[in-house]
Amino acid sequence: MRAEVDKTFEIVKKGGTIAYPTDTVWGLGCDSTNYDSVERLFEIKQRPAEKSMICLVDSLRMLDEFFEKVPETAFQILKYADKPTTLILDNAIRVSENVIAKDGSLGVRVVNDNFCKALIRKLKRPLVSTSANISGEPTAKTFSEINPLILEGVDYVVNLHRDRKAAKPSSIIKLSVDGAVKVIRQ
């Protein structure tokens, strides 16, 4: 796995895009601070720019680094979550403007997958993550279900977990600075 992390890191660091396994479904990713790389993901996925993507972080500490203020509720939700949970938080900072929603929010998930954690730690910033499918098509449950156009469009396809069936997509909860909590997907 170490060699795969190193190879993927070099590609992402240089602005490349990747298809990679996560703790939920196969994802498309890039450096969250690289505007051009994020634009390429929108093109590969054929996704409208107004539909934002999420980012993966390796820890709660990193979560704190990329938002002006993380509500205490976020830490409580993540502490007790029994499955992968994406939080949509207000006032994202230090990431490319095209990964942030028009309202200033950003979806973020503390990842559990060892490959993802190691890659994000080495990168020292969030990794963009969006499901590895053309916008509007069903999410691929296995690597073999990923549309070949997606795999041809990215700079690198991670060579791990290609035989694993994907878990369900994460729960999504929006937490506003004013304390409002809204469950988007359970």
Side-chain angles (χ1 to χ4, degrees), residues 5 8-75 77-78 81 84-113 115-132 135 153-156 158 169-178 180 182 184-185:
V5 169
T8 307
F9 168 75
E10 289 302 323
I11 289 162
V12 171
K13 182 176 83 169
K14 293 177 183 167
T17 56
I18 59 170
Y20 65 107
T22 74
D23 49 351
T24 58
V25 299
W26 268 78
L28 300 176
C30 67
D31 176 352
S32 64
T33 66
N34 187 315
Y35 185 93
D36 292 335
S37 297
V38 174
E39 285 297 304
R40 284 204 44 232
L41 282 187
F42 278 111
E43 290 168 13
I44 292 166
K45 194 169 170 69
Q46 300 173 33
R47 184 180 183 116
E50 59 274 1
K51 292 185 111 189
S52 57
M53 293 186 255
I54 74 162
C55 289
L56 302 179
V57 295
D58 70 344
S59 63
L60 294 175
R61 180 192 53 74
M62 185 177 275
L63 188 68
D64 251 344
E65 292 175 30
F66 290 90
F67 291 90
E68 286 180 14
K69 180 163 177 44
V70 178
E72 189 58 38
T73 311
F75 299 110
I77 289 170
L78 294 175
T85 302
T86 298
L87 299 178
I88 301 173
L89 303 174
D90 291 333
N91 303 316
I93 55 174
R94 297 186 191 96
V95 293
S96 179
E97 64 190 46
N98 57 345
V99 81
I100 300 173
K102 287 187 187 333
D103 66 359
S105 67
L106 175 64
V108 65
R109 185 170 85 242
V110 179
V111 73
N112 288 319
D113 179 82
F115 168 78
C116 291
K117 269 191 179 190
L119 177 59
I120 295 165
R121 280 194 181 123
K122 190 166 179 121
L123 191 60
K124 295 185 172 99
R125 53 188 163 261
L127 185 68
V128 172
S129 186
T130 183
S131 57
S135 191
V154 295
D155 296 305
Y156 185 66
V158 173
S170 66
S171 298
I172 301 175
I173 301 171
K174 182 164 179 44
L175 299 177
S176 299
V177 173
D178 65 6
K182 181 180 180 183
I184 309 285
R185 180 173 67 201

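If you read the sequence from its start, that first residue is 1, and numbering goes on from there.
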Practice problem: Identify the two heavy atoms, one from Leu123 and one from Leu127, that lie closest to each other, and give their separation to 0.1 Å. | Solution: CD2-CD1, 4.2 Å
Quiz prompt | Distance in Å, Leu63 CG paired with Leu106 CG, rounded so as to fall on 0.5 Å steps | solution = 9.5 Å
Practice problem: State, yes or no, whether a side-chain contact exists between Glu65 and Ile93 at a heavy-atom distance under 4.5 Å. | Solution: no
Practice problem: List in chain and number order the residues that pass salt bridge (Lys or Arg N to Asp or Glu O under 4.0 Å) with Lys13, two or more places apart in sequence or in another chain; answer none if no residue qualifies. | Solution: Glu10
Quiz item: Checking side chain to side chain contact (heavy atoms under 4.5 Å, CB included) for the pair Ile18/Leu119: CA distance, chi angles, key distance, verdict?
Solution: CA-CA 12 Å; Ile18 59 170; Leu119 177 59; 4.1 Å; yes
Quiz item: What pairs with Arg185 under side-chain hydrogen bond (donor to acceptor under 3.5 Å, both in side chains), at least two apart in sequence or on another chain?
Solution: none
Quiz item: Is there any ring pair (Phe, Tyr, Trp, His ring centres under 6.0 Å) pair reaching into residues 10-51, and which pairs are they, with sequence neighbours excluded?
Solution: Trp26-Phe143
Practice problem: Measure the CG-CZ distance between Asp64 and Phe75 for me, rounded to the nearest 0.5 Å. | Solution: 4.0 Å
Quiz item: Looking at Leu56 and Cys116, what are the two nearest heavy atoms and their distance?
Solution: CD1-SG, 4.4 Å
Quiz item: Partners of Arg94 by salt bridge (Lys or Arg N to Asp or Glu O under 4.0 Å), sequence neighbours excluded?
Solution: none
Quiz prompt | Test side-chain contact (heavy atoms from CB on, under 4.5 Å) applied to Lys122 - qualifying residues, sequence neighbours left out | solution = Arg2, Val5, Asp6, Phe9
Exercise. Under the side-chain contact (heavy atoms from CB on, under 4.5 Å) rule, collect the residues that match up with Ala101, sequence neighbours excluded.
Key: Ser52, Asp103, Ser105
Quiz prompt | Residue pairs fulfilling salt bridge (charged side-chain N to carboxylate O under 4.0 Å, His left out) with at least one residue in residues 21-32, sequence neighbours excluded | solution = Asp23-Arg109, Asp31-Arg125
Quiz item: Which pair of non-hydrogen atoms, one from Cys30 and one from Val12, has the smallest distance, and what is that distance?
Solution: C-CG1, 4.1 Å
Practice problem: Specify the closest pair of heavy atoms between Asp90 and Ser176, including all atoms of both residues, with the distance to one decimal. | Solution: OD2-CA, 3.3 Å
Quiz item: Quick one: CD1 on Ile173 to CG on Leu89, what's the gap to the nearest 0.5 Å?
Solution: 10.5 Å
Quiz item: Sequence neighbours excluded, which residues qualify as side-chain contact (heavy atoms from CB on, under 4.5 Å) partners of Val154?
Solution: Thr17, Ala19, Leu28, Ile44, Val157
Practice problem: Mind checking side-chain contact (heavy atoms from CB on, under 4.5 Å) for Asn91 and listing every partner two or more places apart, or none if nothing turns up? | Solution: Glu68, Val177
Quiz item: Which pair of non-hydrogen atoms, one from Ser32 and one from Val128, has the smallest distance, and what is that distance?
Solution: CA-CG2, 3.6 Å
Practice problem: May I ask you to test the Leu175-Ile77 pair for a side-chain heavy-atom distance under 4.5 Å? | Solution: yes
Self-check item: Listed once per pair and sorted, the salt bridge (charged side-chain N to carboxylate O under 4.0 Å, His left out) pairs that draw on residues 37-51, sequence neighbours left out
Solution: Arg40-Asp155
Quiz item: Would you say the side chain of Thr24 lies within less than 4.5 Å of the side chain of Thr86, judging by non-hydrogen atoms?
Solution: no
Self-check item: Nearest heavy-atom neighbours spanning Cys55 and Pro126
Solution: CB-CB, 3.8 Å
Quiz item: Under 3.5 Å, side chain of Ser37 to main-chain N/O of Gly15, donor-acceptor pair present?
Solution: yes
Quiz item: If you round to the nearest 0.5 Å, how far is NZ of Lys124 from CG of Asp58?
Solution: 11.0 Å
Practice problem: With the side chain counted from C-beta on, respond yes when Val108 and Phe67 share a heavy-atom pair under 4.5 Å apart, and no when they do not. | Solution: yes
